[in-house]
Amino acid sequence: GRAGGSPAAGPKPQISSGAKDGEASPTNANGGCDDGRASLWFWAPRSSCGAFRARRVMVPSGRAWRPKAIDAELGVAPLEVLDLVPLNSPGGAAAERKEEVPPRPPFCLVNGSHHAVVFKSVPLVRFEPVPAGTVAGCGSAQRPVICPEAVQFLQGLSAPIRVVAFVGPGRCGKSSTLSRLAEDDFQVLASMSERCAGGRGGEVLEVGGGEKGMNSQLVKGADRQVQECNKFPVSHDAEPMTAGVDFAALPHPTPGEGTVLFLDCEGSDNPCTDNTANYRAITTLVLSLACQVVVCAFGSCQESNLEDLSATLAARELIRGEGAERCTQDTKLCMLVIACRFRALNDAYFESQVLADKEGQPSRNETRDLIRKAFPHRCLRTLPHTSEEEEYKEAVQRLRQEFLDGSVPIRADGMPLNGVQLCDVLQTLADQIARLGLVEP
């Protein structure tokens, strides 16, 4: 599905009636909103089967809702509410006159209103000091740990699972870009809310991705609000915002094809970072796991992007050689130039200029040869500056669709992993990296 635009063509998801596993509260012919209630729509895994569903929870209106209180009502821990996006205008056009978007927290929900819930990203990897009395490889003072929130969420996912990881220099726009790429399919939620408001209450979307043939438009002002919802922390300051790895989950656009995880990794080459060794540990972990690695650069491709990637590939081989469980899917490489300053940066340029051997420079050629062998499937993509609003929005939509459609399930021994198995692989990789103590070369 596509955020902020009309859904793409494809098979239509199944619909079921009635509430299942807390997906929807019983409703009346008016969508259940004529007795002081508001509807909150959101994407989340269903505990009974581990697949994403569009779900609805009805809450009392006419009171101020703090995000923590909404979290408790929705019952989808460890997910935490970031914002609410309006899907309808109760009372018609008059309701739009005073306010185009709902207020920031606390949220004051209007009787009969429908809102899409936007969740924050979930922490996946953090670093902790090595316990006293233990010795980490290479004298490292910190070790990676898999966050309990991630384990709680991931263990509820069924196979298949796809992982798209964003790596690269700090403060180059990874988190901002991912917040746009990982937007929820609000158009599907708007379509579902229209059905309930039209007297077909109690219907629940059974599979994820995007309901086809729908042309619902978000309520006035909501599209602007969507652009302000950053699932991944962002700022305009020089200090790094991402520490470790965070992720957001989306349903794959094809019914029955599971979940896509977008990973936002702590950046490299930032003098403000707490520990430069953490970057190598993070990239080694995600390159051992991801089905697609997106190496980000700001403005243009840099030699340092290739050097970082080559060093991480060497570290990955060290992990594999030490017996860590190996994921068997082919990993794709995408070089993504954010706020691209030049024209004609494309696949041909990537192959003939960036990755081409340089005469008389064996060290640089070795770097390029390692990358070419590790990633037989590779591409170069660009995004314009965010000031070019329409061009940027269209480019993001194309990139999102490419990542969703082109991602492949993570596998071990040829079999797609479910969430429990993925957690086991993550823990094995983290333990192995902690023992070896990977540091910056």
Side-chain angles (χ1 to χ4, degrees), residues 78 80 120-155 163 165-171 174-175 232-233 238-247 261 263-290 293 295 304 307-327 331 410 412 417 419-441:
E80 296 182 0
K120 300 177 183 178
S121 58
V122 180
L124 176 63
V125 178
R126 293 294 184 265
F127 287 83
E128 66 178 17
V130 175
T134 62
V135 179
C138 302
S140 177
Q142 293 185 315
R143 65 180 184 183
V145 293
I146 308 304
C147 299
E149 301 95 322
V151 174
Q152 182 182 359
F153 181 88
L154 294 175
Q155 286 185 337
V163 176
F166 279 59
V167 301
R171 315 307 297 143
K174 295 187 300 295
S175 300
F232 297 91
E239 291 78 11
M241 290 297 296
T242 304
V245 183
D246 300 324
F247 75 90
L261 305 180
L263 273 54
D264 183 18
C265 300
E266 179 177 334
S268 66
D269 198 26
N270 191 323
C272 300
T273 191
D274 292 334
N275 191 327
T276 56
N278 292 351
Y279 173 76
R280 181 68 62 232
I282 287 169
T283 53
T284 301
L285 189 151
V286 300
L287 257 71
S288 302
L289 182 73
V293 174
V295 178
S304 58
E307 294 170 349
D308 279 343
L309 182 57
S310 175
T312 302
L313 288 172
R316 183 181 70 171
E317 292 307 308
L318 179 62
I319 292 296
R320 289 177 170 179
E322 286 292 321
E325 185 169 359
R326 177 175 178 176
C327 294
T331 302
I410 52 176
L417 300 182
V420 174
Q421 295 164 330
L422 173 58
C423 288
D424 291 341
V425 172
L426 283 166
Q427 189 60 61
T428 299
L429 291 170
D431 291 344
Q432 202 73 1
I433 290 170
R435 190 177 69 80
L436 293 173
L438 299 172
V439 296
E440 287 291 294

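None of the values given here were measured: they were computed from a predicted structure.
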F127 side chain reached by I282 side chain, heavy atoms, under 4.5 Å
yes

Exercise: identify the closest heavy-atom pair between S121 and P233
OG-CD, 4.1 Å

Closest approach of R126 to A243 (non-hydrogen atoms, all atoms of both residues):
NH1-O, 2.8 Å

Euclidean distance, R316 CZ relative to L429 CG, rounded to 0.5 Å
11.0 Å

Sorted by chain and residue number, the side chain to side chain contact (heavy atoms under 4.5 Å, CB included) partners of Q152 (sequence neighbours excluded) come out as A77, P78

Can you list the residues that meet the ring-ring contact (aromatic ring centres under 6.0 Å, His included) rule with F166, with sequence neighbours excluded?
F403

Within a strict 4.5 Å, meaning less than it, do heavy atoms of the L261 and L422 side chains meet?
yes

Nearest 0.5 angstrom please: L289 CG to T428 OG1, how far?
11.0 Å

Heavy-atom side-chain contact between C147 and L124 under 4.5 Å
no

Mind checking whether S288 and I433 have side chains closer than 4.5 Å, heavy atoms only?
no

So K174 and V295, side chain to side chain contact (heavy atoms under 4.5 Å, CB included) or not? Walk me through it.
CA-CA 9 Å; K174 295 187 300 295; V295 178; over 6 Å; no

Could you tell me which residues satisfy salt bridge (charged side-chain N to carboxylate O under 4.0 Å, His left out) with E80, sequence neighbours excluded, listed by chain and number?
K68, K120

Do V125 and V286 have side-chain heavy atoms sitting under 4.5 Å apart?
no

Any heavy-atom pair between the side chains of L426 and L285 that's under 4.5 Å?
yes

Residue set satisfying side-chain hydrogen bond (donor to acceptor under 3.5 Å, both in side chains) with Q427, at least two apart, ordered chain then number -> D431

My understanding is that only residues two or more places apart in sequence, or in another chain, count here; which of them pass side chain to side chain contact (heavy atoms under 4.5 Å, CB included) with T312?
R280, T283, T284, L287

For F247 and A150, which heavy atoms make the closest approach, and how far apart are they?
CE2-CB, 3.8 Å

